[in-house]
Amino acid sequence: MEMMPRHSGAERSEEPGIHNPGVCGYGFRARRCAAPRNDALWLAALLLSFLAFTPAYAADDVENFYRGKQVRFIVGSAPGGTYDLLARIVARHIGAHIPGSPSIIVQNQPTAGELLMVNQLFALGPNDGTAIGVPLNGIPAAPLLQPAAAHFDAAKLIWLGSTHSEPYVAYVWHTAPVQNLAEVMRKQLVVGATTPGTTMNDFPQLTNAILGTKFKIVPGYASTPQMNEALERGEVEGIAGFGWFALNAQVPQWVTEKKITVIAQFGGARHRLLPDVPLMLDLAKSDADRQALLLLFGRTEYGRPYFLPPDVPAERVEALRRAFDATMTDEGFVADAVKIGFEVDPLTGEQVQAAVAALANTPPEVVARVRAALNQQ
């Protein structure tokens, strides 16, 4: 008797709706083998339902986490300065936009040019989204320019956004012997500053080295209000590297009463509010000079940034970034900012993150040149 050969998988019928029971079996297995298309549709529907459920679940998780919590704004400068004033206004309004409506408190930690505050948050956290750093805008460049003191990677900090970009200016008292930028190239101008690492110290120090300006920097003032008082008393003749909005917030009468003369602005381009004020960058004689100046001046573009330590859960980062965005358009926040002389012109967290990442890719020879200039006594 001739034996029939056993069917192999390769001999399965190609006709629609026919299957080989020797391979697929009977009952439930047979139904699955006979109708693979239905299973694919079922799996796709299950995946879509899971994806639709996940954002809602994450939102509920964020709200549950923040409900009843306290979030700290840690300001790396002294009380009464413009970073502090603006941070307190943001803190006043952002809680309503964070799921769970946590309470917000502001703490000041003005030590060592605020590097200690950033170092601690980077190394120790907390990494749960309950601590937000409010640094000076020189912090993103600090690991490049102060590697011995800046023990953090600015690109690994999680940037929430910035309230505004801001033109930075040099101004002199109306009785100072120097009254325009051309004269600063020939005559000494005594300017006040707080600490190295701040714009009031680093901007004039860099232009002295790159452009040949003749700023004589007097550092050591504890805060910008103290520095402005020194200008009024005649201890210094001007200030170079101070925010235009900050100036109008702290001493608006100086502008309206023409007690000061604005002689220059720092940044990549003339600001629309100061079209007739000379741009320091225009004095650069080469592309190398421009690159060196922009390594510092670039901080004017991301203005007043806010950050989280690394490793905060992604869903909380997203919630805090969107809360920051919502705060920037909050009518109450905008009104409070205008009261102290600030024009809200925000950047998103994603925009600040990209700017900081680009800064980290500055060519080493440019970094070395700027570091050498800032280390000059």
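Excluded from the calculations below are hydrogen atoms, water molecules and symmetry mates; all remaining heavy atoms, backbone and side chain alike, are included.
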Determine the minimum heavy-atom distance between [X] and [Y], stating which atoms define it.
| X | Y | value |
| --- | --- | --- |
| L293 | A284 | CD1-CB, 4.1 Å |
| G81 | T224 | CA-OG1, 4.2 Å |
| L145 | P147 | C-CD, 3.4 Å |
| A323 | I94 | O-CG1, 4.0 Å |
| V236 | Y221 | CG1-OH, 3.9 Å |
| T82 | A246 | CG2-CB, 3.4 Å |

Would R322 and E350 count as a salt bridge (Lys or Arg N to Asp or Glu O under 4.0 Å) here? Give the steps. CA-CA 11 Å; R322 302 294 74 86; E350 291 83 354; 3.1 Å; yes
Evaluate side chain to side chain donor-acceptor pair (under 3.5 Å) for E237 paired with Q188, printing each intermediate quantity in order. CA-CA 10 Å; E237 298 165 338; Q188 178 177 279; over 6 Å; no
[X] side chain to [Y] main-chain N or O, any donor-acceptor pair under 3.5 Å?
| X | Y | answer |
| --- | --- | --- |
| Q265 | L274 | yes |
| N119 | A149 | yes |
| T213 | F215 | no |
| Q353 | W159 | yes |
| Q107 | I74 | no |
| S162 | Y302 | yes |
| D282 | P278 | no |
| N180 | I263 | no |
| R321 | E318 | no |
| N127 | P310 | yes |

Do the side chains of [Y] and [X] get nearer than 4.5 Å, heavy atoms only?
| X | Y | value |
| --- | --- | --- |
| S103 | Q70 | yes |
| L136 | R299 | no |
| N228 | I239 | yes |
| K258 | H174 | no |
| Q179 | V172 | yes |
| P126 | R72 | yes |
| M227 | M200 | yes |
| M280 | F203 | no |

Basic-acidic side-chain contact under 4.0 Å: D289, R369: yes
Are any of the side-chain nitrogens in R92 or D336 under 4.0 Å away from the carboxylate oxygens of its partner? yes
Quick one: are the ring centres of H164 and F342 less than 6.0 Å apart?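 That pair passes the under 6.0 Å test.
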Just verifying a value: how many Å separate I139 CD1 and Q146 CD, rounded to the nearest 0.5 Å?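 Going from the CD1 atom of I139 to the CD atom of Q146 covers 7.5 Å.
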When rounded to the nearest 0.5 angstrom, what distance separates NZ in K339 from CG in L85?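 Result: 13.5 Å between the selected atoms.
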Set out, in order, the CA-CA distance, both residues' side-chain angles and the distance that settles ring pair (Phe, Tyr, Trp, His ring centres under 6.0 Å) for F324 and Y306, then state yes or no. CA-CA 9 Å; F324 187 90; Y306 293 66; 5.4 Å; yes
Does [Y] have [X] sitting over its ring (NZ/CZ under 6.0 Å from centre, angle to axis within 45°)?
| X | Y | answer |
| --- | --- | --- |
| K156 | F152 | no |
| R304 | Y83 | yes |
| R88 | F73 | no |

Do I132 and I105 belong together in a cluster built from hydrophobic side chains that touch within less than 4.5 Å? no
Can you tell me how the ring of H271 sits relative to the ring of F245, calling it parallel under 30°, perpendicular over 60° and tilted otherwise?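 Ring orientation, 0 to 90° scale: perpendicular.
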Would one find more than 12 heavy atoms of other residues, nucleotides or ligands at under 6.0 Å from atom CD of E331?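 Counting neighbours around CD of E331, 12 or fewer heavy atoms of other residues, nucleotides or ligands fall under 6.0 Å, so no.
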For Q205 and N201, does a side-chain donor sit closer than 3.5 Å to a side-chain acceptor? yes
We want to know whether D61 and Y66 form a side-chain donor-acceptor pair, criterion being a heavy-atom distance below 3.5 angstrom. no
